[in-house]
Amino acid sequence: MGEPTEIQTPGRDDAARARTGGSVQDQGLSSTRAVDGTGGSTALTGAGPLRRRITAQRLRPARPRLWFELALIGVSYWLYSLVRNAVPEQAVIAQHHANWVWHLEQHLGIAVERSINQGVNSVTWLIVGMNYYYATLHFIITIAVLVWLYRSHPGRYAASRTVLFITTGFALVGFYFFPLAPPRLAGYGFVDTVLVHHTWGSLASGAGASVSNQFAAMPSMHIGWSTWCGLTVFFLAERTWVRALGLLYPAATLMVIVSTANHYWMDAVGGLVCLGVGFLATRLVYHRWAYQFPQIPAAWQAAAQLPEQRLTAVGATRRD
């Protein structure tokens, strides 16, 4: 996505360790105050080893070990799916909430989802493609962006990933306290495009519906995750066309979730609110916006004598 496929070359840490007589991580801990400009804080020097390590990791996060990250993502997604699908499916309350959302949108003059759903459904090849888009790209693109971050932006990976985790965790609150029947189940003339066109892969309709909570529609994590992916690519990729694709991805996802009758506009707003909470909470934890960290962790720069990296690609010279 406009970045080198790997920042750290094999053996660089070993060479740095030989030159400095210590580990790269130890050198990074000792240089954290200088890089961050805190000027020898007594809080860091007076704290215990564990506290110093946690503080250094918060101020200058390093890329986690691959095995730890894979385990964390796997366990987190398993817990997310377990909690999401364990929420009681309250059909009456979910239908009541759907009525409220639909009438609110009508009052606001934005209740055009039915027209879009019926119009796109009449173009078979387009709606079938959207069904597969909805069922697959939600996971494929998110994983691809995480891998790209891990390999090409190790200094930004931990904070950016934390945004995604907090966003998803906050969404579970919405699933629990605001069960919502999606348009395809709410009536009002919406078409369930998965059932009509017999497409596979979606847990929203068909056989998959029996193992998935059908009323976990508010907020839309298709929008939350796709917007996180889009912003990450936009701020960090170098090539202009890649950054443009980053912005188009959540816009296309919004059209897909509406056309397939899986979400209302208001669900998308809920997804953006959750993402905003994720960014703000991460800002409080790391004292910096996720994309403002150097591309390479401070510990690697200090130990391997690497040049200071740019903060983001925005405004920088790009390869087109």
Side-chain angles (χ1 to χ4, degrees), residues 1-2 81 84 98 101-102 105-106 109-148 180-234 237 239-272 275:
M1 296 188 184
S81 300
R84 178 184 185 273
V101 169
W102 181 242
E105 290 191 354
Q106 288 181 317
I110 59 174
V112 297
E113 294 97 326
R114 182 173 57 197
S115 298
I116 295 174
N117 168 243
Q118 294 176 349
V120 177
N121 183 67
S122 64
V123 185
T124 302
W125 65 267
L126 180 58
I127 195 60
V128 167
M130 286 186 171
N131 284 342
Y132 289 132
Y133 179 118
Y134 184 88
T136 61
L137 290 191
H138 179 52
F139 304 102
I140 294 173
I141 299 298
T142 304
I143 292 173
V145 172
L146 282 169
V147 171
W148 172 64
L180 176 68
R184 59 187 174 78
L185 296 179
Y188 302 118
F190 284 94
V191 178
D192 190 330
T193 60
V194 170
L195 288 180
V196 170
H197 298 280
H198 308 289
T199 53
W200 55 265
S202 176
L203 293 178
S205 301
S210 61
V211 296
S212 178
N213 180 8
Q214 297 301 289
F215 303 131
M218 169 65 84
S220 168
M221 281 297 93
H222 273 75
I223 292 301
W225 287 13
S226 66
T227 304
W228 174 85
C229 291
L231 291 176
T232 299
V233 171
F234 174 76
R239 293 181 174 88
T240 302
W241 67 270
V242 176
R243 296 175 60 216
L245 286 178
L247 294 182
L248 287 175
Y249 174 52
T253 300
L254 177 61
M255 182 56 63
V256 166
I257 67 172
V258 171
S259 298
T260 57
N262 281 293
H263 290 283
Y264 302 96
W265 297 124
M266 299 302 292
D267 300 343
V269 173
L272 294 178
L275 182 61

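Predicted, not measured: the structure shown is a model, and the values here were computed from it. For the single chain, residues carry numbers from 1 onward in sequence order.
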Should [X] and [Y] count as side-chain neighbours, where that means a heavy-atom distance under 4.5 Å?
X      : Y      : result
Glu113 : Pro183 : no
Leu231 : Leu275 : yes
Glu105 : Val101 : yes

task = Check step by step if side chain to side chain contact (heavy atoms under 4.5 Å, CB included) holds for Arg184 and Gln214.
result = CA-CA 10 Å; Arg184 59 187 174 78; Gln214 297 301 289; 3.0 Å; yes
Taking side-chain contact (heavy atoms from CB on, under 4.5 Å) as the test, write out the residues that go with [X], two or more places apart.
X      : answer
Ser115 : none
Leu248 : Leu245
Leu272 : Ile223, Thr227

For [X] and [Y], work out which heavy atoms get closest and say how close.
X      : Y      : answer
Ser259 : Val120 : OG-CG2, 3.6 Å
Met221 : Gly271 : CE-CA, 4.2 Å
Pro182 : Ala261 : CB-O, 4.2 Å
Val242 : Ala237 : CG1-CB, 3.8 Å
Phe215 : Ala181 : CD2-CA, 3.6 Å

Tell me every residue that passes side-chain hydrogen bond (donor to acceptor under 3.5 Å, both in side chains) with [X], counting only those two or more places apart in sequence or in another chain.
X      : answer
Thr193 : Asn131
Tyr249 : none
Thr232 : Tyr291
Asp267 : His263

request  = Return yes if some donor-acceptor pair links the side-chain N/O of His222 with the main-chain N/O of Tyr134 below 3.5 Å, else return no.
outcome  = yes
query = Just by modelled atom types, is the Val191 backbone N or O under 3.5 Å from a matching donor or acceptor in the Asn117 side chain?
reply = yes
Table please: side-chain donor-acceptor pairs of residues 139-147 below 3.5 Å, with sequence neighbours left out.
{"residue": "Thr142", "atom": "OG1", "partner": "His138", "partner atom": "O", "Å": "2.8"}

inquiry  = Within this structure, what is the CD1-CG distance for the pair Ile257 and Asn262, rounded to the nearest 0.5 Å?
reply    = 8.0 Å
key: From CE (Met130) to OG1 (Thr253), nearest 0.5 Å   = 10.0 Å
I'd like to check the ring pair (Phe, Tyr, Trp, His ring centres under 6.0 Å) partners of [X]; sequence neighbours left out, ordered by chain and number.
X      : result
Trp265 : none
Trp228 : none
Phe190 : Trp102

task = Say whether Tyr264 and Ser220, considering side chains only, have a donor N or O and an acceptor N or O under 3.5 Å apart.
result = no
